[in-house]
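This report concerns only the one structure given below.
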Amino acid sequence: MTVSLIDSHAHLIDGRFKHDLHQVLDRAKEAGLKAIINVGYDLSTSKKAVTMSLSHDILYTAVGAHPHDAANLPADYLETLQQLAKKPKVLAIGETGLDYYRNLSPKAAQQKVFREHLQLATLLSLPVIIHDRDAHEDVMKILGEQAKGTLRGVMHCFSGDVDLARRCLDLGFYISIAGPVTFKQQGMLAEVARFVPLDRLLVETDCPYLTPQPFRGKRNEPSYVYYVVEQVATLRGIDVESVASVITGNAEVLFGID
Ligand SMILES: [Zn+2]
Ligand SMILES: [Zn+2]
């Protein structure tokens with residue numbers, strides 16, 4: 001069985017991949033991955049992701065600052081991001097968004113930086129990767145102000161209900177499903193995975209976090225995105241190969257991978 005997969009959200013810049021990145025990437029290729037979006041979460045990891053992509057065919061990059069760091073960014077961070085975004089293999093701006101679960105930066109700072117990321121994505125005509133944790137209403141409000149038909153992107157590690165998914169789809173966004181869809185208590189997410197039109201779905205690992213079953217509790221890695229696709233296929237009652245080929249095509253379209 002050959003499936004072609006794309007992990008639309010991984011953090012291979014994380015220190016947990018320092019010692020065995022080559023093996024992790026080999027396993028990803030064996031599992032059928034043709035691309036991995038390696039997502040920066042501050043200036044230094046964004047830079048590192050750009051550098052990593054130059055020595056590994058399979059790696060592409062997103063540059064951005066996570067809402068956790070919104071209050072700690074240098075005044076000229078946007079210029080730095082803009083420079084980085086012009087480097088080879090940078091396909092998206094992110095991750096960016098709002099995180100009211102941990103609130104590591106004040107809400108006002110998170111919102112300002114989120115708006116600035118959306119403006120940068122619009123300016124550069126790049127898709128945006130959005131992180132929304134316990135901040136659905138403010139994320140939708142800010143997206144509504146900024147979207148105006150030209151902004152494209154994905155709600156990564158989607159954690160809302162069907163109604164929120166519908167609102168994101170109405171704005172033209174893709175919905176990305178991560179490992180939690182394989183957990184036992186996944187009623188709402190299972191509903192979303194069945195509801196979203198197949199041509200608007202993406203999958204991701206968000207590794208090293210959110211490891212899917214059957215590896216829950218271990219470090220996550222891009223090859224495990226297969227288990228997310230398998231669960232989506234089971235929930236929708238279609239075969240894995242068909243789901244994989246549509247979802248992979250979606251990621252290619254959104255990020256411009258050929
Ligand atoms: Zn995130
Ligand atoms: Zn992430």
Side-chain angles (χ1 to χ4, degrees), residues 6-17 21 24 28 33 35-50 52-53 59-73 81 84 90-105 107 109-111 113-114 116-118 121 126-136 138-140 142-143 153-160 164-165 168 173-183 189 192 201-212 219-225 228 251 254-255:
I6 291 177
D7 183 355
S8 71
H9 193 112
H11 299 293
L12 296 174
I13 47 251
D14 189 281
R16 275 164 275 189
F17 294 107
L21 180 68
V24 167
L33 272 83
I36 298 165
I37 312 286
N38 193 16
V39 180
Y41 42 85
D42 58 18
L43 294 181
S44 76
T45 53
S46 294
K47 274 179 204 153
K48 197 171 159 193
V50 168
M52 278 171 79
S53 74
L59 293 184
Y60 295 86
T61 309
V63 297
H66 195 280
H68 290 337
D69 283 304
N72 311 317
L73 293 165
L81 281 184
L84 285 173
V90 177
L91 304 182
I93 297 298
E95 62 184 290
T96 180
L98 302 175
D99 193 314
Y100 294 173
Y101 177 71
R102 297 224 273 161
N103 265 322
L104 296 185
S105 284
K107 287 183 182 179
Q110 292 190 38
Q111 292 173 12
V113 166
F114 182 31
E116 289 168 347
H117 275 69
L118 298 182
L126 286 173
V128 67
I129 297 175
I130 294 176
H131 172 103
D132 163 18
R133 188 139 188 224
D134 290 355
H136 302 328
D138 282 355
V139 165
M140 293 314 292
I142 292 171
L143 272 185
V154 54
M155 308 301 291
H156 112 80
C157 190
F158 188 79
S159 61
L164 186 75
C168 296
F173 276 70
Y174 288 79
I175 304 287
S176 180
I177 303 285
V181 78
T182 66
F183 301 166
L189 194 53
V192 169
L201 265 187
L202 298 183
V203 286
E204 64 174 84
T205 57
D206 203 11
C207 64
Y209 315 104
L210 300 175
T211 313
R219 181 191 68 178
N220 200 1
E221 64 172 59
S223 65
Y224 297 167
V225 80
V228 178
L254 178 64
F255 295 112

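Just so you know, residue 1 is the first one in the sequence shown, and it goes up from there. First listed ligand is number 1; within each ligand, the first listed atom is number 1.
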Kindly indicate, with the supporting measurements, whether the criterion side chain to side chain contact (heavy atoms under 4.5 Å, CB included) is fulfilled by His11 and Thr45. CA-CA 9 Å; His11 299 293; Thr45 53; over 6 Å; no
Carefully, step by step, assess Asp7 and Glu221 under the rule side chain to side chain contact (heavy atoms under 4.5 Å, CB included). CA-CA 9 Å; Asp7 183 355; Glu221 64 172 59; over 6 Å; no
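The neighbour count for Tyr101 OH, taken as heavy atoms of other residues, nucleotides or ligands under 6.0 Å away, does not exceed 12.
Panel detail: the Zn ion (ligand 2) has protein N, O or S atoms under 2.8 Å away, 4 in number.
Here Ile13 contributes atom CD1 and Asn38 contributes atom CG; the two are 4.5 Å apart, rounded to the nearest 0.5 Å.
Between Cys168 and Met140 the shortest side-chain heavy-atom distance falls below 4.5 Å.
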Which pairs would a plain distance check flag for residues 126-136, meaning a side-chain donor or acceptor within less than 3.5 Å of a matching protein atom at least two apart in sequence or in another chain?
residue : atom : partner : partner atom : Å
His131  : ND1  : His66   : NE2          : 3.4
His131  : ND1  : Glu95   : OE1          : 3.1
His131  : NE2  : Asp99   : OD2          : 2.8
Asp132  : OD1  : Ala135  : N            : 3.2
Asp132  : OD1  : His136  : N            : 3.3
Asp132  : OD1  : His136  : ND1          : 3.2
Asp132  : OD2  : His136  : ND1          : 2.6

